[in-house]
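Please read these numbers as outputs of a predicted model, since none were measured by experiment.
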Amino acid sequence: MSDYFQGNLPLQSVSVAKSAIRSPEAETELSGKLAVTIAEAASDRKAGDILVLKVADVSYLADYFVMLTGYSRVQVRAIADAIEDKVESECQRRPLRTEGKVEGSWLLQDYGDVIVHIMMPKEREFYNLEAFWVHAERISLPKSDEDEGKPT
């Protein structure tokens, strides 16, 4: 077994940076833009109960979690595909890992600084991740054009 890092691993989710040195605030701002882009892509595919949590202050796992509901296995996969397409075109990033695409009841996309959970209603209710991350800051999302005509 080798004790050194082999540098030939694919870094699919690394975006090209203009500056090699970034402040933590700048990194979190980029992560926030990525999280909002993910939420917008999910909304375009009619995902329900979209929740963006800033977990950077309470966890080292990621800066943001994006949780949302898909109402069928086909919709869960379609939401995941839409997220991948939009993030790749707008942020030039691909997920480091994707899990659960075959099953389609809980799909996880790991972008490193943003982790996406796309769940069917039964899984979302059972695992209740929102309660586990109750100390995380909830990020409000911009209203879409469709929401403006709806009564509150």
Going from [atom1] on [X] to [atom2] on [Y], what distance comes out if it is rounded to the nearest 0.5 angstrom?
X      : Y      : atom1 : atom2 : answer
Trp133 : Leu61  : CH2   : CG    : 5.0 Å
Lys101 : Ile118 : NZ    : CD1   : 8.5 Å
Leu141 : Ile50  : CG    : CD1   : 6.5 Å

For [X] and [Y], which heavy atoms make the closest approach, and how far apart are they?
X      : Y      : value
Arg45  : Ala82  : CG-CB, 3.4 Å
Ser89  : Gln92  : O-NE2, 3.1 Å
Gly70  : Pro121 : O-CD, 3.3 Å
Gly112 : Ala62  : O-CB, 3.9 Å
Tyr111 : Leu96  : C-CD1, 4.2 Å
Val114 : Ser31  : CG2-O, 3.5 Å

[X] vs [Y] side-chain heavy atoms within contact, under 4.5 Å:
X      : Y      : value
Trp106 : Tyr127 : yes
Leu53  : Arg138 : yes
Val36  : Leu34  : no
Ser105 : Val76  : no

Connected via hydrophobic side-chain network under 4.5 Å: [X] and [Y]:
X      : Y      : answer
Val74  : Ile79  : no
Leu68  : Phe126 : no
Met119 : Ile38  : no
Met67  : Val55  : yes
Leu108 : Phe132 : yes

Checklist entry - Among all residues two or more places apart in sequence or in another chain, which pass the salt bridge (charged side-chain N to carboxylate O under 4.0 Å, His left out) test with Arg124? => result Glu130
Checklist entry - Can you name the residues that form a salt bridge (charged side-chain N to carboxylate O under 4.0 Å, His left out) with Glu40, not counting sequence neighbours? => result Lys86
Look only at the side chain of [X] and the backbone of [Y], and say whether a donor-acceptor pair between them is shorter than 3.5 Å.
X     : Y      : value
Arg73 : Glu103 : yes
Gln75 : Lys46  : yes
Arg77 : Ser72  : no

Item to check | Positive for side-chain contact (heavy atoms from CB on, under 4.5 Å) with Ile83, one of Val66, Leu107, Val116 | outcome: Val116
Checklist entry - Thinking salt bridges, do Asp113 and Arg93 make one under a 4.0 Å N-O criterion? => result yes
Checklist entry - Taking NZ, NE, NH1 and NH2 as the nitrogens, is one of them in Glu84 or Arg94 under 4.0 Å from a carboxylate oxygen of the other? => result yes
Checklist entry - Going by the angle between their ring planes, with limits at 30° and 60°, are His117 and Phe65 parallel, tilted or perpendicular? => result perpendicular
